[in-house]
Structure formats: C-alpha cells, structure tokens
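Step one of this worksheet: look at the structure below.
Below, read A as the first sequence line, B as the second, and so on, with proteins coming before strands; counting in each chain starts at 1. All of these numbers come straight from a predicted model, not from anything done at the bench.
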Protein chains: 2
Amino acid sequence: MGDATNDPIAELIKNYNELNSSHITELDEEPSALEFMRFVARNTPFVVRGAAANWKATQTWSARFLEDHLADETVNVAVTPIGKADSPTLHDDGSLIFAKPWEEDQPFPTFLNYVIQQEKTQSSSLPSEVRYAQTQNDNLRHEYSSLFSHVQHDIPFARIALQHPSPDAINLWIGNSRSTTTLHKDNYENLYVQILGRKHFVLLPPHCQPCVNEKPLKPAQYHRAADGSGLELRLDEQGEDVPFATWDPDRPGEETTGYSGLAEPMRVTLEPGDMLYLPAMWYHKVSQSCSDEGICVAVNYWYDMDFSGPLYPLSTFVRSVNNSRNHR
Amino acid sequence: MGDATNDPIAELIKNYNELNSSHITELDEEPSALEFMRFVARNTPFVVRGAAANWKATQTWSARFLEDHLADETVNVAVTPIGKADSPTLHDDGSLIFAKPWEEDQPFPTFLNYVIQQEKTQSSSLPSEVRYAQTQNDNLRHEYSSLFSHVQHDIPFARIALQHPSPDAINLWIGNSRSTTTLHKDNYENLYVQILGRKHFVLLPPHCQPCVNEKPLKPAQYHRAADGSGLELRLDEQGEDVPFATWDPDRPGEETTGYSGLAEPMRVTLEPGDMLYLPAMWYHKVSQSCSDEGICVAVNYWYDMDFSGPLYPLSTFVRSVNNSRNHR
C-alpha cells in the first residue's frame, strides 16, 4: 500500500508532502487582501502573531470582566462527560458511535465559575462533566451580542479578498483545558483569533482524508438524567450515519489506515492576540490551555468557501477513490 | 462507467461541471492583481476584450511592417506537411506516433511571404508544407528582440499577483490558418495576447485528463528530404515514449475514452487586442484565422506556476487513478 508507483493515494500524499512544508508560515502583521488570496489559492494555513493584540477584547476581557458583563445572561452550554463533543465514542455495546453533547441553558456566572473551578482545582473528585460554550451559530452576533463591539466586525483582508460583505458566522468559544475538539473539517474559510489562554491546533490538508479513517457512525446524544445527576448517552435510532474521522493525530498508532503513517500534521499554538487562517476543508483537532484565571476564550470568523474551481470536486474525488478501494 | 455513484472519475467531472460554467468570463478591462489572483485560485480562464488594443504592436504591426522590420533577419521555422506540429500522427505502419516538426532557418521575408501566399491563394496545388514561426523559447526577447519594445515587457497584474519580476518566457507566434496546435497542456500560467488575425481556443480543465485519451506515443520528427523536396517522418528509435492526448474535442466521436462524452469544452475566440488567461495545466487546442493580409500573429507570456498547494498533486492523482483503472 505504501508503494507510490502502484498506489495513487500514497503517491498523492507523498507528492504533496515533498512540495509543501508541514511547518506553518508565521507572519508578524496581517496580510493584504492580495497576500491573503495567495494563501487561499494554495489552500495553505498561516498564523499572524499578535494580529489582535490591540482589540478591545484582548485588552479588556478577563474572567471577572466577563462575569460582570454577562451577569444577567443565560447561555447555551455543551455538556459532556470528558470534554469531547461531536466525537467518536465507544458505546456500551462496544461499537463506535458519534456522540453529540447535551445542550442546556445556564446562567452565565454559573457556567463560568464551573469552568474556572474545574480548571483550577484540577481535582478528579469534581463531577465528571465538562462544560463548553461552543454554539457555532453566529453566537457573538446573537447570544453574546453585548460583547460584539469588543472584537472586529470582520477581518478586512478576508472581506476584500473573498468578496463577502460580512462573515457567515462569528463564534465565541469559552471553556477550559478539559474540552477538546475532535479532528474534523468545515466547508468554510476560517479566521481564528485567540483572546485568553492558548489553543493547540493539529492540522491536515483535505487530501489526507484517506489517513483519518473516516467511518460511518451511528449518531447519539448525551442527555442529563431525569434526576439531574449524570449524563447518559442515547443512540438516535432514526438518525442517519455520520461519516467521521476516527484517527487521532495525537494517538497516531491507533485507529490507523494504511495511509495514516504518511500524514505530516501541521501544528501551531495560538497565544492571546494570535490569528490563524484555517483554510476551507482542512482537518483540525483543537485542544486548549487556560489563562492563569482558568479559562480559554477565542473568536472565529467563518467565511463561505468557494465551491467553484477544482479544489472541492477534487477533494470529493480523493474520498470517493479511497472509499471505492476500501469496498472492493 | 457513466454511473457517478460507482465511478469516482465520472463523479469528479460531473461535480465540476455542475459547479462551474463552461462559458468563459469576459472582462472589458484588465483585472487588478487581487482580481487576477481570484481566477488563479479557482484555476479558471478569462478573456479581457481589447486589453492590448493600444499596444504599439496591435497599432502598428502588419505584414508589410514586419517584412520591412525583419528584412535582414533569419528565423527558425517549424515545417510540417499539414500544419500539425507536436501532434499524434498516423505512421506508415498504422501506429500512432508523436510527430515533431522539421525546424530550419529561413530568411524572414521568405518565410512570411510563403505563409501569406499559401493563405491567400488557398490553392491545393501549392507544395504540401505548412510553415509556422512558433519557437517557444522566449523568442520575443531573443530571436525577435527588435520587436520586443512594441509589446508590454510583462503583464503587470500577473507580475504583482504571482510575484515573478519577469515572465519565464515571452513568445511570438506567426503563421496562417493551416497551422493548428493540438490539444495539450503546459505547466505555466499563460497570458495570451492576439495581435493580428484571430485564434480559436478549445479549453479543458486539468482534471479532464481521463477524457483526452492520453497514450504513450513513440517520438518522431519530420526531416526535409536530401533533395530539398518533401518532408519525411522518421521515428526516433532511441527516444522515450511521449504521453500525449489523442482525443480531439473537435472530433468528439473519435479516439474517445469512456469519459470523453462528459467533457464540456470551453471555447473562446481572440480578436486582435484580446488577452486570454489560460490557467496552468489547462488543456488547450488552438486554431487560427488570418487577417486580411493572410497572417496570424500572437504573443504569449508564460509565468511559472505554483507547484505548492493541492492542485498539482491532485491533478497528478487524477491521472494516476485513471491509469491504474485502465491497467487493471
């Protein structure tokens, strides 16, 4: 399987690796629209160190500030037993299923203090549940709209280059180091800005689909038990299977395919004020470290990707070829 | 073979066709570097009508002008029996071979007047040989350097966008309607400018490799017979096979593959002063019509393509998958 001359998929991954660095490009100022468009054309990530260092959010937000500012707000919180929302999870019957978080509204101060307490005590005696404000539904212009004026309304170089007057969604993320976002991809051009704490990204280009061991998983969702105690995972018997990556680049020897070993993940850590360009369709796994206050806060801007041109159909092609090889 | 659900190649071509128009984008002024970069990112052609209308070449060149200007020059001429240089050709033994033109130096006035005479008489009684000045070796900055100041030294929007201080090559083409350039592709970003007469392009994106029936052809070259009379085709027994497209989008029912019928060729005719962006790796067939004077003159600018990013390895992947299907 590893012989490039006989195996187009192995040849593809090796060719790309030879022509592209697995080290991310670091900029120390925002690119122009034209410079950005060159990265879009190459579907290649970059990080701008300190791009948002002077944003009001970066300058003024703290746990105390957020608690005061949102003292009377109720927010949607994703709740999971161990901090993996939207993630392949071992079911009681031994099968791998796709577990979505339990979602519930909580008073913001309650949520925030839980996140901080859990992070700062680092105690395993705490209730085994992890909370993450991670609604990816344009929440910074809705649920958290009172904070919106503290960040840029858009990313000007992206607006100009991509010709979208406004991002499709702007999302706020608040959590602690217990939460991890499992390897997945989105059909968006993504500008990701760190405000408090740090985020650790592991990135793979779209053509690495054959490396990530995508499997059709039965959907399931956590539910809070009727007595309010724990979380139980319930299969959605009617739901359609969710095709999802099961390989974890941080556990590279598990759930492998014959191609996982060829992947050369790109890794980058965002410090407060840093901005990441995460190109459309790139796989990303995201973990986080907290600020001294025990929270991690980030904002991301989703811009619609361009489905015209060759990249989208060619990425679909890689997946189809890989699936047809697996099934023959 | 046509069922997309079972055939990733058919699915690829259909997906692309659904998401992209087969009609070329027409601009009436040159794009900015950023606007150009958006087309590069989508690997998608456009034509700028009248972009070079005010170039000195477009304003002043004529058959008479060129004859006077190059009266004492000797130029390299490609000579073929029927106007197909670098083209799959039926050999005496019935096999298809790759025929390169005979090349010889001719006084420019001799060459030019032959081209014009042949075009204007349209007589089949003329010697069956077609002449084309088509050296693609940066000839406008060397062989024809006295004409170079009559055209732009580069294409500014491409220089800025692609970050190449100078084109890799600038080529002058002089011929008549007997010459056709067979469907092929180049690893260059190409800006093609029509000066006199018209060029008719048929274009296919790189992922259409499975449509064009690429075959490994034995190389051959025309040679002028010792007595100076005709041309004879000689196989290059030592030469390596040349993989080359054998399907002609203008004869869509011949030399087909199972995918040729899915191709949706893009067609565009360049009038004098028009500029075509022919993206890297696009297949192109080029035929031409003459000005009233009986010649066709064009200039093209080759810029190095970017081999980083996903497009080059993915295009190679399509070819490898297609070849492995053909060989199993």
Verify ring-ring contact (aromatic ring centres under 6.0 Å, His included) between B:Tyr277 and B:Phe36, making sure each step is shown before the conclusion.
-> CA-CA 9 Å; B:Tyr277 167 52; B:Phe36 176 58; 4.9 Å; yes
Flag for B:Ser324-B:Arg319: side-chain donor and acceptor within less than 3.5 Å = no
Taking A:Ile13, A:Leu162, A:Ile9 one by one, which has the highest count of heavy-atom pairs under 4.5 Å against chain B?
-> A:Ile9
Using a cut-off of under 4.5 Å for heavy-atom pairs, which of B:Asn15, B:Leu12, B:Leu19, B:Val318 has the most such pairs with chain A?
-> B:Leu12
If you count heavy-atom pairs under 4.5 Å between each of A:His207, A:Arg42, A:Arg38, A:Gln163 and chain B, which one has the most?
-> A:Arg38
Is the closest side-chain heavy-atom distance between B:Asn43 and B:Pro279 below 4.5 Å?
-> yes
CA sep, side-chain torsions, deciding dist, call: A:Thr269, A:His200, side chain to side chain donor-acceptor pair (under 3.5 Å) | CA-CA 4 Å; A:Thr269 290; A:His200 314 284; 2.9 Å; yes
Flag for B:Tyr301-B:Asn171: side-chain donor and acceptor within less than 3.5 Å | no
Taking heavy atoms only and a threshold strictly under 4.5 Å, list by residue number the residues of residues 309-316 of chain A that touch chain B; give 'none' if the list is empty.
-> A:Gly309, A:Pro310, A:Leu311, A:Tyr312, A:Pro313, A:Leu314, A:Thr316
Salt bridge between A:Glu255 and A:Lys215, side-chain N to carboxylate O under 4.0 Å?
-> yes
Just checking, is any N or O donor in the side chain of A:His164 or A:Asp154 under 3.5 Å from an acceptor N or O on the other one?
-> no
Ranked by heavy-atom pairs below 4.5 Å to chain B, first place among A:Ala161, A:Pro205, A:Ala33 goes to A:Ala161
CE (B:Met305) and OH (B:Tyr188) are apart, to the nearest 0.5 Å, by 11.0 Å
